[in-house]
There are 2 protein chains.
Amino acid sequence: LGPDWASLVLPGAARICLLVLDGIGDTPRPEVGGITPLEAARTPHLDRLAREGVGGLVWPVVPGATPSSVSGHLGLLGYDPLETEIGRGAVEALGVGLDLREGEVAARANFATLSDGVVADRRAGRMPTEKTAELCQLINRETGMVDGVEVILYPVRQHRAVAVFRGEGLDPSLSDTDPGRTGEPPRPAQPLSPEAERTARLVNAYLSRVAELLRGRHPANCLLLRGFAGKPRIRPFGERFGLRGAALASYPAYRGIARALGLEVPEEPGDLRGCFEAYRRRKKDYDFFFIHYKDPDPAGEDGDFQAKVRAIERLDHALPLLLEDPPEVLAVTGDHSTPCSLRAHSWHPVPVIIHSPATWGPDAVSRFTERECARGILGRLRGVELLPLLLASSGRTRKFGT
Amino acid sequence: LGPDWASLVLPGAARICLLVLDGIGDTPRPEVGGITPLEAARTPHLDRLAREGVGGLVWPVVPGATPSSVSGHLGLLGYDPLETEIGRGAVEALGVGLDLREGEVAARANFATLSDGVVADRRAGRMPTEKTAELCQLINRETGMVDGVEVILYPVRQHRAVAVFRGEGLDPSLSDTDPGRTGEPPRPAQPLSPEAERTARLVNAYLSRVAELLRGRHPANCLLLRGFAGKPRIRPFGERFGLRGAALASYPAYRGIARALGLEVPEEPGDLRGCFEAYRRRKKDYDFFFIHYKDPDPAGEDGDFQAKVRAIERLDHALPLLLEDPPEVLAVTGDHSTPCSLRAHSWHPVPVIIHSPATWGPDAVSRFTERECARGILGRLRGVELLPLLLASSGRTRKFGT
């Protein structure tokens, strides 16, 4: 899709910043006068960016596809989600800062409560992170090696952890052991290809040893694994776009996606202001910053219109931190819509603005909203088409073609 | 192009209806104040759908391509016309309800008048269907088998018929025997590949026997064949989109296109009202309905602005029949434009609206016209991008990606 961008990139000092507002898109809500959260929110700084910049709407994957967090971000970061895959286990492992090398296998893990042989609570009462850390330590000490393969269990948050298997001849083509709902027993990992048979045996041996260790404990007497994945095979961001990129995200999953693409994670900010402060500290070290803001998405998933409005206003209130020493190119968009009415990710196109005063004049867009951006000069873009536009807006590309 | 939609489709009760107004798009006509037939027509029901729904413009194939009936419909029904082919003979045979099995060959047939060895009238004076039926019966009785291959001639309408060849080792790569204009002799079928040599000989033997039978008759003393085609090799609609689909069309060709894609044809309605009534009767049996309305297209081909306006107003007048028990998702669009000024199919983009109040809020579009839909949130879509949006609007897709 498109030319070999890296071959067109020139050196330069201009900085690009991609600010992703998770689940930002929405649909007009009749109960509040037929407007969307973006239309309802007071956003003087976003409004100025929209007025000075250019706008459009983004189909994060293709029209009609509802993006997952991974596929939505792949597009925005310049990778076609129809052709690029990152397994969830890899996202999780990379997200908590573990390295994942060629041949290693990672999986998402969660402590659960088993009762009479069936899963009674997939989240073990959402037990505190410290308790999970304690259990991971116990298990790593007692069950660190299985059949010559090292297994590391690493705590993430609450009942969640990540497991990494390190050894020879491993293959991630395995089914989940997590049944995905309560009332069913944990499942053995099944090989989905002949090459994964040994890995399946090994995972199941590991899990039965863990089961012994957890026997009689409460609420965490079971470990469930899902999303087995190897190191993603992806041409790194730096090679692909000729940019040194950094990810600033307070949620591990988004750091994990970024690391899978070869972006660096210089800091782990605690919140959005932390991201903006980290940007200012690191500005000289990178050409490209991906900054992730989570709050609009859970508000949409809760169907809470006012909470989504407040999440947007918090962002707008924090923006001066970023704009005091602004990047030469700033794009604001989302990885997908999460309409309050649907309480879920959706296929609706997402507004985007590109603010790059030196290279793009204003268009007809006066606010960062779905319906205003529909009038913008960018028209409709696939997610994967955005990054080349940011690259170009930074003045760092040369002509394509002889 | 796009994900494997069938793998993303969830079960559900929501119904999708795609209403295709043949040749609906047009261009502003200076003689009537610079408006299009859609802009001139009184369409209160379409207006309401446009106000409540979302709009855009569709390039049925790709920008610049003037769609045929087949390529235009392929796109709207979710098949990329650049990659999918259905021969006209197959459309014709399937359209009149004949089955076409693997290895069989079908062709469009028309009775013509030959004079001094050249075609004097390609339509044999548009002789009545009954006369055509009578000749088909005669020919089938006398010339039913040629060299071990069964040939069935089936009357369609007026001078038109369809021929189906059933036997072993047939190949449809043949040139037309219809010269396409008067003043020229019928041509022998030529093989376009070595594999079709035997079929060419067989077709020519059949036609010379038919010529003997018709000798001395008037006006039908010749049979011309064109559009040789085998059974289309297409992944059926149900497998591709996980929907059980029905086609309601009063013209055989559109039923033929739909059957080639695996849609069912539960009834053969006589007109548009018949289509809407059939929809109501069959609503519970299908997830997806394709309803075809022919009238705007011939009005455009005749260059008759007022006739096109009346065709649109007849549709609007009939719409309440459909809207009394409306589908959860209703899309209204066309397979191509047929501007009155050009009196022919054209490449101009076609307006589309999606009405799905539960999942898409209103945008800036207030009428179903070319220029209003240009302001819609859907922007510009390729025809093949529409069906995934309808699928998503029905709430029946899950997330794409890990």
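First the proteins, then the strands, lettered A, B, ... as listed; each starts at 1.
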Between Asp363(B), Leu390(B), Leu8(B), Leu378(B), which residue shows the highest count of heavy-atom pairs closer than 4.5 Å to chain A?
Leu378(B)

Best-contacting candidate, Gly376(B), Ala358(B), Gly401(B), against chain A by heavy atom pairs under 4.5 angstrom:
Gly401(B)

Check: [Y] main-chain N/O paired with [X] side-chain donor or acceptor under 3.5 Å:
{"X": "Thr402(B)", "Y": "Ile86(A)", "answer": "yes"}
{"X": "Arg371(A)", "Y": "Pro362(B)", "answer": "yes"}
{"X": "His348(A)", "Y": "Thr359(B)", "answer": "yes"}

Engaged part of [X] at the chain B interface, taking heavy atoms whose separation is under 4.5 Å:
{"X": "Arg375(A)", "answer": "neither"}
{"X": "Thr27(A)", "answer": "side chain"}
{"X": "Pro81(A)", "answer": "both"}

Do the side chains of Pro388(B) and Val62(A) get nearer than 4.5 Å, heavy atoms only?
no

Heavy-atom side-chain contact between Phe400(B) and Trp347(A) under 4.5 Å:
no

I'd like to know whether CD of Glu301(A) has more than 12 heavy-atom contacts from other residues, nucleotides or ligands below 6.0 angstrom.
yes

Using a 6.0 Å cut-off, check whether atom CD of Glu85(A) has over 12 heavy atoms from anything other than its own residue.
no

Considering all heavy atoms of both residues, which atom of Arg380(B) and which atom of Arg380(A) are nearest to each other, and what is their separation?
N-CG, 4.5 Å

Pairwise distance OG(Ser69(A)) to NZ(Lys399(B)) - rounded to 0.5 angstrom:
6.0 Å

How many angstroms lie between atom OG of Ser68(A) and atom CZ of Arg398(B), to the nearest 0.5 angstrom?
10.5 Å

Which atoms of Leu391(B) are under 4.5 Å from chain A, going by heavy atoms: the side chain, the backbone, both sets, or neither?
neither

Residue among Ser341(A), Pro28(A), Pro63(A) with most heavy-atom pairs under 4.5 Å to chain B
Pro63(A)

